[in-house]
Amino acid sequence: MTASPRPTGKTNASVSPELAIGAALGSVICVETGAALGKGLFEQIPSLSVSWLRFTFATVVLLVLQLVTASVRRARHRPVQSKTPINRTTMLALAGYAVALVCMNTSFYLAIQTIPLGIAVTIEYLGPLTVAILGSRGRLDLLWAVLAGFGVLLLGFRPAGLHLQGVVLALVAACCWGSYIKLGARARQYWRGSDLVTAACALGTVALAAPGIHGGGSALWTPGVLAIGLCVGVFSSVLPYRLDIVALGRIAPNVFSILQSLAPAAAAIAGWLLLGEILGITDWIALASVAIASAGATITSTAREHRLPASSQHPGA
């Protein structure tokens with residue numbers, strides 16, 4: 001589960017391809033580790049309180065990083081990057097992105113209350129996979145769709161049945177993830193990546209403040225809960241965003257997307273190591289089916305784009 005829009009930028013030649021690939025894999029591991037840590041707090045505070053802590057600490061850390069970056073640029077007599085103009089268009093773009101982000105993370109945390117982390121991420125990954133397949137419209141895309149559907153159907157044949165509410169909430173998170181991708185691409189036309197993520201996390205903090213603080217009660221303010229909440233915010237939002245910048249500055253976006261398809265496996269391993277959630281053989285086959293479908297859809301889409309004539313690749317086409 002991503003927490004930030006996938007930033008695009010100029011190639012960073014100072015970063016080796018190996019380091020860039022490691023950064024992309026590190027981003028996946030950080031996100032799923034943060035999710036496992038967040039689920040580990042459910043015994044002490046409700047899921048909405050965990051989600052609020054994540055947004056709150058992510059906002060604080062991102063703001064501090066922005067202030068430090070601005071101070072360093074001024075000290076080196078470099079121009080401070082221009083701010084995004086605040087108007088109706090930019091605010092609507094931010095609002096759409098923020099709503100998708102908050103709903104995605106909230107529904108995901110509610111889902112993993114009742115179903116294993118690895119399975120929740122597998123179902124949630126249908127969101128970006130659907131966006132990739134619908135955007136391609138090729139013959140092979142039917143194969144990837146069938147493979148993904150096969151993986152999801154397998155989840156119904158596990159020895160212990162899945163909680164229906166958790167499955168529905170994971171599907172809601174998948175829909176929100178698909179919307180998040182489309183709305184994030186639109187918002188990036190107006191906002192710098194760091195500003196966009198920070199503002200969206202701040203809006204999430206405000207939106208979830210009432211249910212998060214009320215539901216958490218006195219347990220919310222204990223040092224242990226706050227410390228883990230800080231780790232959730234850093235692992236789920238701050239580190240992935242920074243690692244994504246390193247990765248996409250050196251490797252192609254299609255390679256990055258293929259590496260991201262390892263998210264369900266990373267979630268299953270994090271759930272096993274940190275939460276003691278053990279998946280059966282059918283669960284792992286289902287997980288692998290969705291991951292392969294995601295990687296296949298990415299490869300097919302990229303190959304099709306490379307075969308297009310130059311005139312059809314023109315930005316105005």
Side-chain angles (χ1 to χ4, degrees), residues 1-3 28-29 31-39 42 47-48 50-51 54 100-135 141 143-182 184 236 240 257-272 274-275 277-298:
M1 179 189 60
T2 57
V28 174
I29 294 171
V31 169
E32 306 311 335
T33 300
L37 290 173
K39 183 171 183 176
F42 289 173
S47 59
L48 287 180
V50 176
S51 187
R54 170 184 174 173
L101 177 65
V102 174
C103 292
M104 175 180 68
N105 285 285
T106 301
S107 56
F108 177 78
Y109 276 120
L110 290 171
I112 61 176
Q113 285 187 129
T114 54
I115 62 177
L117 179 62
I119 292 178
V121 173
T122 301
I123 297 174
E124 187 192 29
Y125 216 84
L126 294 177
L129 177 58
T130 301
V131 171
I133 292 175
L134 292 179
D141 296 318
L143 170 63
W144 307 131
V146 170
L147 185 59
F150 168 73
V152 174
L153 286 176
L154 272 182
L155 296 178
F157 294 94
R158 63 194 316 269
L162 294 174
H163 196 283
L164 179 59
Q165 179 181 343
V167 173
V168 171
L169 287 167
L171 288 172
V172 171
C175 294
C176 292
W177 196 352
S179 301
Y180 163 88
I181 293 172
K182 306 297 288 185
S236 296
S257 298
I258 293 170
L259 294 172
Q260 293 292 298
S261 66
L262 297 174
I269 294 173
W272 170 50
L274 299 179
L275 302 171
E277 296 178 344
I278 300 176
L279 302 185
I281 183 64
T282 57
D283 297 328
W284 281 101
I285 295 175
L287 183 152
S289 297
V290 173
I292 293 171
S294 175
T298 300

- Task: Please lay out, stage by stage, how Phe150 and Ile285 fare under the test side chain to side chain contact (heavy atoms under 4.5 Å, CB included).
- Result: CA-CA 10 Å; Phe150 168 73; Ile285 295 175; 4.3 Å; yes
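Residues Leu169 and Tyr109 are not in side-chain contact: their nearest non-hydrogen atoms beyond the backbone lie 4.5 Å or more apart. In this structure, the side chains of Tyr180 and Met104 come closer than 4.5 Å at one or more pairs of heavy atoms. By the 4.5 Å heavy-atom criterion applied to side chains, Tyr125 and Trp177 are counted as neighbours.
Partners of Cys175 by side-chain contact (heavy atoms from CB on, under 4.5 Å), not counting sequence neighbours: none found. Legend: residues meeting side-chain contact (heavy atoms from CB on, under 4.5 Å) with Ser107, ordered by chain and number and at least two apart, are Val172, Ala173. Under the side-chain contact (heavy atoms from CB on, under 4.5 Å) criterion, Trp284 pairs with Ala268, Ile269, Leu279, Leu287, sequence neighbours left out. The side-chain contact (heavy atoms from CB on, under 4.5 Å) test applied to Leu274 returns Thr33, Ala36, Leu37, not counting sequence neighbours.
Note that the CG atom of Leu48 and the CG atom of Leu110 stand 5.0 Å from one another [nearest 0.5 Å]. Between the OG atom in Ser179 and the CG atom in Leu101 there is a gap of 12.0 Å [rounded to 0.5 Å].
The two residues Ser51 and Thr106 make their nearest non-hydrogen contact at OG-OG1, 3.9 Å. What you find for Leu147 and Ala293 is that their closest heavy atoms are CD2-N, 3.8 Å. Heavy-atom minimum distance, Ala286 versus Gly151: CB-O, 2.9 Å. Contact detail for Val121 and Ala267: the closest heavy-atom pair is CG2-CB, 3.5 Å. Here the closest heavy-atom approach between residue Ile115 and residue Ala170 is recorded as CD1-CB, 4.2 Å. Across every non-hydrogen atom of Pro116 and Leu162, the tightest pair is CD-CD2, 4.2 Å.
With Gln113 contributing its side chain and Gly166 its backbone, the two residues share no donor-acceptor pair below 3.5 Å. A distance-only check finds no donor-acceptor pair linking the side chain of Asn105 to the backbone of Val102 [under 3.5 Å]. Remark: side-chain polar atoms of Lys39 are paired, donor with acceptor, to backbone N or O of Ile112 under 3.5 angstrom.
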